[in-house]
Every structure is written in C-alpha cells, then in structure tokens.
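These numbers come from a predicted model, not from an experiment.
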Amino acid sequence: MAFTGATAGYQAAAQANDTAISYAMEPTYGVPATGNYQQTRFTGENFKPTDTTQRPDEINANIEASQAVLTQTSVAGTLSGALSYGTYDDMLAAVLGADWANNAVQNSSAVKTWTISEKINGAWLVRPGSFCTRAQLTFAQGSFASIALDFSCKQQTQVTADPATSYSAAPTGRVFDTVDNFVGMTIDGVAPDGCVRQVQITLDRDGSASDYGMGHADACGIRPGQILASGSLQIFFKTWDLYQRWSNGGQGPIAITVKDADGNSYVLTFLNATLRNPVINAGSKNSSIVATFDIEGNPQAGGGTFSIVRNPKATSLKVNQNDVTVGGAVVTP
C-alpha cells in the first residue's frame, strides 16, 4: 500500500481558518444587500444573537416558573483586526458618518448600514442592518496596530446560498507595526518630549441604539446617535509641558501619524482636543515614570471633531508649513 494522499475526518469541528467575512452597503436599512461584496481581513469576531424573555408571575400550585415568552432578539458583535492600509476605510468613514473625499474624511451626518456575511462550515450567517457603533484603534509599544469595530445588527439568519454574486478581494497591505510605522504624535502642532508608549483612539456613536416593536423579534430601525471621539495617551515623563496644558485647560489638535512599510500613511486627528485626568506617579524603585492622560475630543469652531487623512504611496506629497492643515495642525505624511 502506497502512503499517499491526505487523511480525512481529522477535524473535531469546523475550523476558524476556513471562515470568511464580507460586507456590502445597504440601499435600504435591514434589506440584505445583493451583488458585489467586499471581503475583509480580521483576527477574530464574536457576533451573536441574544434573546430577551419575560415570565409572567402566574400563581399556580405546581411551584414552578411559568412558560417564558420571547420579547426581542438583539444581534451584536465586534470584528477585530490588525490595522493595515485601506482595509477598514469603509467602516472608519461609516462610524464618522461621512464619505472619503480627496483622501480625507471628517465626521458628518450620513448614516450607513451594511449587510455582513460570514461563511462558516459550508453555510452563511447573514446580518443585515449592521450599524458600526464604535471603532477603537490601539497603537501600543510591543504590539502591532489593532482595530476593533463594534456593530449592532437588525437580525441574523443562516442560509445555504451565497448572498453575494461577486467579491472584491480584501486589501493586501502590510500591517502597521509600532516600531518603524509609528511616525509620531503632535499636540498643538508640536511633538511632545518623551517617547510615546501607547495611544488609543475611540470613535463612538454616543446614544445610538436599536428600536424594537411588536410582531417580530428583530429591530425596526436604529437611532444613530452622535460622534464622540475620545482616547488615551501614555508617554515617558520628561517635562511638565503636557501637565501644564491640562492645568491651563488647553485645547487644540492632537494628530497621530502612521506609515506602513510601503509608504502608505494615515494622519488621525482630534481637531480640538483637551487632555484630562493626568496620572504621573513614581510607582516603584528603578522604574521610569510614565505619564498618562485621557484625550477628550471636542468640536472645533464651525463643527468637526475628528478627521482622517490617508496618503497612498502613489500620490503622497511632500508637505511643508504652507501645505494642507487639518484643524490647525500641519498634516505630514
């Protein structure tokens, strides 16, 4: 007998490596999108339906709880990924309520919902009415740049036919690392003293929620809320400059720039931010003091809380003090 070929039946369960996630924007909320879907990259997901039930407090002689009644089914989850250029631009624009224009996006009032399709174990889980309620980007020493996208969905159904007729392949850019790819941070246009240890950016749809009615368990619609930008900063403590900015109630742009190994970059800018809640402690002997601050995003005069400028390598421009500014801060790819 020749020992060739492969062994069958070795898997204890369906494998995560065989899972694929794609999405398409919906013309109408909650109506599953058809046609072309955009494939995406991800490191994990935790979407799930959650049933809410009620039990009437009926009086009976059997000493047992009454039959539970289904009142609603909510579907939500987080799509996690390693940040790479171009991969999550659709969702970043969606959480900001805007479209990309001239490689820039700034928060506005548009509402975008998606159908998210997940191929798993020979079938598809289809989640129409998916609204991105939060995007969180983390740049931390000792790790790669990461992104987490929270969604609230109208419903989840399992189907055996592919909802897409075609696919756009996921972007293939290299993941941003925090060694060569973290260009730096500026506060009021100036790089602070001390090495940055970590920056986290949270873009929230504050006040967003799903609405439910009778006759069906899934959502009737959504309330999109409003954009709320916040974050946190860890930096080696070398001067009192940032503390004094907090003490004086200073406000202004805080910009974080990252550039991947191929030369593609993002500039992520709080247009009018305040530093809050400083923590500067001598924690233990033989340690370097690290200062931490919360970042509070506020609207600038005339509106605008957060913006993203992307610079693909093919069109990157050398800028100087006379070039493009975002919220008063010079945008440097």
Side-chain angles (χ1 to χ4, degrees), residues 12-16 18-35 37-38 40 42-81 90-91 94-95 97 111-136 148-164 202-226 228:
Q15 298 296 291
D18 297 329
T19 302
I21 293 179
S22 59
Y23 61 87
M25 187 172 165
E26 297 172 345
T28 302
Y29 168 78
V31 178
T34 58
Y37 275 60
Q38 174 66 58
T40 192
F42 66 106
T43 58
E45 56 85 15
N46 62 5
F47 289 91
K48 66 173 184 176
T50 300
D51 292 334
T52 300
T53 61
Q54 295 289 334
R55 294 181 185 271
D57 289 331
E58 291 184 315
I59 298 172
N60 64 72
N62 296 325
I63 316 178
E64 62 185 5
S66 298
Q67 170 69 44
V69 175
L70 178 69
T71 58
Q72 72 179 49
T73 300
S74 59
V75 180
T78 300
L79 181 69
S80 303
D90 289 333
M91 297 307 167
V95 78
V111 176
K112 300 169 181 281
T113 66
W114 313 85
T115 299
I116 297 177
S117 172
E118 180 174 7
K119 183 182 180 183
I120 184 169
N121 197 23
W124 287 262
L125 290 173
V126 179
R127 304 178 182 103
S130 297
F131 180 64
C132 188
T133 60
R134 171 183 289 185
Q136 188 167 77
L149 299 163
D150 293 352
F151 291 90
S152 174
C153 314
K154 175 178 172 62
Q155 62 182 194
Q156 174 178 289
T157 57
Q158 184 253 323
V159 300
T160 56
D162 191 345
T202 301
L203 304 174
D204 251 322
R205 299 302 308 189
D206 185 51
S208 66
S210 296
D211 288 324
Y212 296 87
M214 295 190 294
H216 50 87
D218 59 356
C220 299
I222 57 169
R223 286 168 277 136
Q226 59 276 327
L228 177 63

A.B. asks: Do Ser208 and Thr133 pair up side chain to side chain, a donor and an acceptor below 3.5 Å, judged on atom types alone?
C.D. replies: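 There is no such pair between these side chains.
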A.B. asks: Hey, could you give me the OG1/CD1 distance between Thr40 and Ile21, rounded to the nearest 0.5 Å?
C.D. replies: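 Atom-to-atom, Thr40:OG1 and Ile21:CD1 are 8.0 Å apart.
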A.B. asks: Looking just at side-chain N and O atoms, do Thr71 and Gln54 make a donor-acceptor pair shorter than 3.5 Å?
C.D. replies: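 Not at all, the side chains of Thr71 and Gln54 share no donor-acceptor pair under 3.5 Å.
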A.B. asks: Has Thr78 got a side-chain atom pairing as donor or acceptor with Asn46's backbone, closer than 3.5 angstrom?
C.D. replies: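 Checking the backbone N and O of Asn46 against the side chain of Thr78, no donor-acceptor pair under 3.5 Å is found.
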A.B. asks: Heavy-atom distance under 4.5 Å between the side chains of Tyr212 and Ser74, does that happen here?
C.D. replies: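 When only atoms from C-beta onward are counted, Ser74 and Tyr212 do touch, with a gap below 4.5 Å.
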A.B. asks: Could you pull out the closest heavy-atom pair between Ser66 and Arg55, with the gap in Å?
C.D. replies: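 What the structure gives for the nearest pair is O-NH1, 2.6 Å.
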A.B. asks: If only atom types and distance count, is the side chain of Asp204 paired as donor or acceptor with the main-chain N or O of Asp206 below 3.5 Å?
C.D. replies: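 Between the backbone of Asp206 and the side chain of Asp204 there is no qualifying donor-acceptor contact (under 3.5 Å).
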A.B. asks: What distance separates Arg127 CZ from Gln155 CD, expressed to the nearest 0.5 Å?
C.D. replies: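 Answer rounded to 0.5 Å: 11.5 Å.
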A.B. asks: Answer yes or no: are there more than 12 heavy-atom neighbours, outside Gln67 itself, under 6.0 Å from its atom CD?
C.D. replies: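 At most 12 heavy atoms, drawn from other residues, nucleotides or ligands, come within 6.0 Å of this atom.
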A.B. asks: Please report the interatomic distance CD(Glu118) to CZ(Phe47), rounded to the nearest 0.5 Å.
C.D. replies: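 The CD atom of Glu118 sits 7.5 Å away from the CZ atom of Phe47.
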A.B. asks: Answer yes or no: are there more than 12 heavy-atom neighbours, outside Asp211 itself, under 6.0 Å from its atom CG?
C.D. replies: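 For Asp211, atom CG is crowded (more than 12 foreign heavy atoms under 6.0 Å).
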A.B. asks: Would you say that Tyr37 contacts Asp162 through its side chain, given a criterion of any heavy-atom pair below 4.5 Å between the two side chains?
C.D. replies: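 Heavy-atom side-chain distance check fails, nothing below 4.5 Å.
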A.B. asks: Minimum heavy-atom separation for Ile63 to Asn60, with atom names?
C.D. replies: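 For Ile63 versus Asn60, the nearest heavy atoms are N-OD1, 3.3 Å.
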A.B. asks: Any side-chain heavy-atom pair from Pro224 and Arg205 closer than 4.5 angstrom?
C.D. replies: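 Answer yes - side chains close enough.
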A.B. asks: How long is the span from the CD1 atom in Ile120 to the CD atom in Glu45, to the nearest 0.5 Å?
C.D. replies: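 The CD atom of Glu45 is 6.5 Å from CD1 of Ile120, to the nearest 0.5 Å.
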A.B. asks: Is the closest side-chain heavy-atom distance between Pro32 and Pro163 below 4.5 Å?
C.D. replies: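 Side chain of Pro32 against side chain of Pro163, heavy atoms only: no contact under 4.5 Å found.
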A.B. asks: Nearest 0.5 Å please: distance from the OG atom of Ser130 over to the NZ atom of Lys154.
C.D. replies: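 Atom-to-atom, Ser130:OG and Lys154:NZ are 11.5 Å apart.
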A.B. asks: Do you know which two heavy atoms are closest between Phe131 and Lys112, and how far apart they sit?
C.D. replies: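 Of all heavy-atom pairs spanning Phe131 and Lys112, the closest is CD1-O, 3.5 Å.
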A.B. asks: Report yes if the side chains of Ile116 and Leu79 come closer than 4.5 Å at any heavy-atom pair, otherwise no.
C.D. replies: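 The answer is no; the side chains never approach within 4.5 Å.
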A.B. asks: Name the residue from Thr34, Thr115, Val31 that meets the side chain to side chain contact (heavy atoms under 4.5 Å, CB included) definition with Glu26.
C.D. replies: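 The side chain to side chain contact (heavy atoms under 4.5 Å, CB included) with Glu26 is passed solely by Thr115 among Thr34, Thr115, Val31.
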A.B. asks: Show the nearest heavy-atom pair for residues Met91 and Trp114, with the distance to one decimal.
C.D. replies: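 Closest pair (atom of Met91, atom of Trp114, distance): SD-NE1, 3.6 Å.
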A.B. asks: Measure the spacing between CZ of Arg134 and CG of Leu149 and express it to the nearest 0.5 Å.
C.D. replies: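 It comes to 11.5 Å.
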A.B. asks: So Val111 and Ile222, side-chain contact (heavy atoms from CB on, under 4.5 Å) or not? Walk me through it.
C.D. replies: CA-CA 10 Å; Val111 176; Ile222 57 169; 4.2 Å; yes
A.B. asks: For residues Gly213 and Cys220, report the shortest heavy-atom separation together with the two atoms involved.
C.D. replies: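 Answer, listing the atom of Gly213 first, then Cys220: N-SG, 3.3 Å.
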A.B. asks: Specify the closest pair of heavy atoms between Val126 and Val159, including all atoms of both residues, with the distance to one decimal.
C.D. replies: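 That would be CG2-CG2, 3.7 Å.
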